[in-house]
Asks: 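First, the structure itself, so that you have it in front of you.
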Amino acid sequence: MTCPLPRAIGTLLSAAVALAPGAGLAEARTGSGRFQPDVPAKLTTPDSQNTRIGPLRFKDGAPDPATVERAYDQLDFSRGIEAFLRGMSATSVVAACRGLEQAGVARNRAIGIAETLLDARSLFLTPNTTTVYVMACLDLREGPMVLRVPPRVLGPVDDADFRWVTDVGLTGPDQGRGGDYLFIPPGSSASAPATGYHVLRPRTNTLLIFYRAFVEKGDVAAATAGVKAKAAVFPLASAASPPATAFVNLSGQRFNTISANDFSFFEELNTAVQTEPADWVDPDTVGLYGAIGIRKGKPFEPDARMKGILKESVAVANAIARSNLFASRDPRTRIYSNRQWLTPFVGGSYQFLDGAERLLDARAMFFYYATGITPAMSEARPGSGSAYAGVFRDARGQYLDGGRTYSITLPGPVPAKDFWSFTVYDNQTRSLLPTDQKLAGVDSTLPGLRTNPDGSVTVWFGPTAPAGREGNWVQTLPGRGYNVLLRLYGPLEPWFNQSWRPGDLVPQR
């Protein structure tokens, strides 16, 4: 039994058969059917377009095989770039905890201390060499963990995506008195003891702790001893009789805590995804990582095509990150209109927010250059916290050259209640520049530092010290580019209202 076609459809088919050979598609597209809309040209896809990824060709809007291949290659390539720029915060934590483990600081069981300060043998993003660093990593997959903090320290606890969880010490809830912090795993319904702990429920299993034990009157050994006497890490389940915490001296050790700039970056990112809960970051970011094959509970095994694309995407993403740091196009990174100094915190937000807007370039700049997020860094107040200014170029706007000599003058008095310091960093690693100077810089606590008669201080950067100025000299290396961070501990009002401004690095003959 057959069913007759509706009259309207039958009429259209008869008309189509009557069309001249080869005219059917064009006529159907541009014909004057009863329901033909007015189609704006901007809605249609041209049959051919030349683009940066090559020619794109379509047949009445349908892409040909070469166009499909180019489109997906570009999509995967661009997502690889975005995964690098977005994921640097996570891989930095992976690299930091992995590096500490390499140095002997086991998660949940040990604490690392730079007992005689840090030097260039240990690779960190922009560390300082003037305070005793204390570092540890927690893995909450083992259950609730207790971090015992000694008195008079300062620093943050950050999660696996380098989001701030809490401060400990002077700017934390213990207010510098010391105390016990209890971290309960994400998703856990475990109740916390009613008293005795500062209780936190972070979003991730991995936590990175690093705080500073301040050196008073140059007594580094006393600062270290104070940490060892009071600090500890142990499971809550063992709180009645905690196991002994191992203390590992980080000073002088060769290990790396800096994330990769090649394909292994994506392997580091996969480590983070597999370690953390499925919702450790927002759904769009989970989707971004998933789009390049990094999914919770599944192996990361890109085929030859995808691996080749990701290798290229990380090379381009690294170039983007370096351009964003060394040659930012955002005028808000400039602290002064007539100086080369830059701020790593555009807008003064530790979350890189300007109202409802996430400042993506500012976020990428920070995480490519530095580590450690806390409001105390970005929201310093007169007389407390610390202020930071970085410089990559000399007074003429040229990159700093390790083979040249520069001078810089800080007008007096320098507005720092506690002390100020200059530190030099290698452009490649963003870690301490490896020279014969252990401190890789100078600071105002050094006994050999000379002050000018008017109260200002002049410092020289170069491969050799100016005669008679050895105490005000920072060594650099010919053939090695570098950058400089100025730190003010306890910055005072002239820093904030900009009535005080550091000079630029002026090249000498």
Asks: Which pair of non-hydrogen atoms, one from R79 and one from L288, has the smallest distance, and what is that distance?
Replies: O-CD1, 3.8 Å

Asks: Regarding Y388 and S386, is there a side-chain donor-to-acceptor distance under 3.5 Å anywhere?
Replies: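 Yes, side-chain donor-acceptor contact under 3.5 Å.
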
Asks: Under the side chain to side chain donor-acceptor pair (under 3.5 Å) rule, what do D330 and T333 come out as? Steps first, then yes or no, please.
Replies: CA-CA 6 Å; D330 186 346; T333 62; 5.8 Å; no

Asks: Just by modelled atom types, is the T271 backbone N or O under 3.5 Å from a matching donor or acceptor in the E276 side chain?
Replies: no

Asks: For S188 and R201, does a side-chain donor sit closer than 3.5 Å to a side-chain acceptor?
Replies: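 No donor-acceptor contact under 3.5 Å links the two side chains.
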
Asks: For L140 and P186, work out which heavy atoms get closest and say how close.
Replies: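 Taking L140 first and P186 second, the nearest heavy atoms are CD1-CD, 4.3 Å.
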
Asks: Is it true that F392 and Y425 have ring centroids separated by less than 6.0 Å?
Replies: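 No; Y425 has its ring centre 6.0 Å or more from that of F392.
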
Asks: Looking at K217 and D219, is there a salt bridge between them, counting it only when a charged N and a carboxylate O are closer than 4.0 Å?
Replies: no

Asks: How close do L117 and S251 get, heavy atom to heavy atom, and via which atoms?
Replies: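 The pair with the smallest heavy-atom distance is O-OG, 2.8 Å.
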
Asks: Any carboxylate oxygen within less than 4.0 angstrom of a Lys/Arg side-chain nitrogen, looking at K228 and E115?
Replies: yes

Asks: Between F124 and F255, is a ring pair (Phe, Tyr, Trp, His ring centres under 6.0 Å) present by the stated rule, with each step listed?
Replies: CA-CA 9 Å; F124 287 89; F255 62 98; 5.5 Å; yes

Asks: Honestly, is R295 close enough over Y289, meaning NZ or CZ under 6.0 Å from the six-membered ring centre and within 45° of the axis?
Replies: no

Asks: List the residues meeting salt bridge (Lys or Arg N to Asp or Glu O under 4.0 Å) with R339, not counting sequence neighbours, and say none if there are none.
Replies: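 Expected list: none.
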
Asks: With sequence neighbours excluded, what pairs up with R487 under the salt bridge (Lys or Arg N to Asp or Glu O under 4.0 Å) test?
Replies: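 Here no residue qualifies.
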
Asks: Distance alone, cut at 3.5 Å: any donor-acceptor contact between the side chains of T130 and D443?
Replies: no

Asks: Between D159 and T206, is there a side-chain heavy-atom distance shorter than 4.5 Å?
Replies: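 Not touching, per the 4.5 Å side-chain cut-off.
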
Asks: First locate atom CD1 of I292, then atom CD1 of I81, and finally report the distance between them rounded to the nearest 0.5 Å.
Replies: 11.0 Å

Asks: Looking just at side-chain N and O atoms, do N128 and T131 make a donor-acceptor pair shorter than 3.5 Å?
Replies: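 T131 and N128 do have a side-chain donor-acceptor pair below 3.5 Å.
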
Asks: Examine K417 relative to Y489 and say whether NZ or CZ is less than 6.0 Å from the centre of the six-membered ring and inside a 45° cone about the ring axis.
Replies: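 Because its charged atom misses either the 6.0 Å distance or the 45° angle limit, K417 does not stack over Y489.
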
Asks: Ring centroid separation for W164 and Y350, is it under 6.0 angstrom?
Replies: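 For W164 and Y350, the ring centres are under 6.0 Å apart.
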
Asks: So S89 and R163, side chain to side chain donor-acceptor pair (under 3.5 Å) or not? Walk me through it.
Replies: CA-CA 8 Å; S89 50; R163 292 170 300 216; over 6 Å; no

Asks: Output yes when a side-chain donor or acceptor of Y181 lies under 3.5 Å from a complementary backbone atom of M145, and no otherwise.
Replies: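 Pair absent, no side-chain N/O of Y181 close to backbone of M145.
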
Asks: Please determine whether side chain to side chain donor-acceptor pair (under 3.5 Å) holds for the pair D167 and T374, giving the CA-CA distance in whole Å, both sets of side-chain angles, and the decisive distance to 0.1 Å.
Replies: CA-CA 7 Å; D167 278 358; T374 164; 2.7 Å; yes

Asks: Short question: side chain of R203, backbone of P277 - any donor-acceptor pair under 3.5 Å?
Replies: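 No; judged by distance alone, with no hydrogens or angles, the pair does not exist.
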
Asks: Suppose we screen for ring pair (Phe, Tyr, Trp, His ring centres under 6.0 Å). Which residues come up paired with W420, at least two apart in sequence or across chains?
Replies: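 For W420 the ring pair (Phe, Tyr, Trp, His ring centres under 6.0 Å) partners, ignoring immediate neighbours, are F422.
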
Asks: Return yes if a side-chain donor-acceptor contact under 3.5 Å exists between D401 and Y482, otherwise no.
Replies: no

Asks: Under a 4.0 Å N-O cut-off, is there an ion pair linking D426 with R480?
Replies: yes

Asks: Would you sort out whether S259 and E268 count as a side chain to side chain donor-acceptor pair (under 3.5 Å), showing the intermediate values?
Replies: CA-CA 8 Å; S259 180; E268 293 172 345; 2.7 Å; yes

Asks: Within 45 degrees of the ring normal and closer than 6.0 Å to the centroid, is that where the cationic atom of R393 sits relative to Y399?
Replies: yes

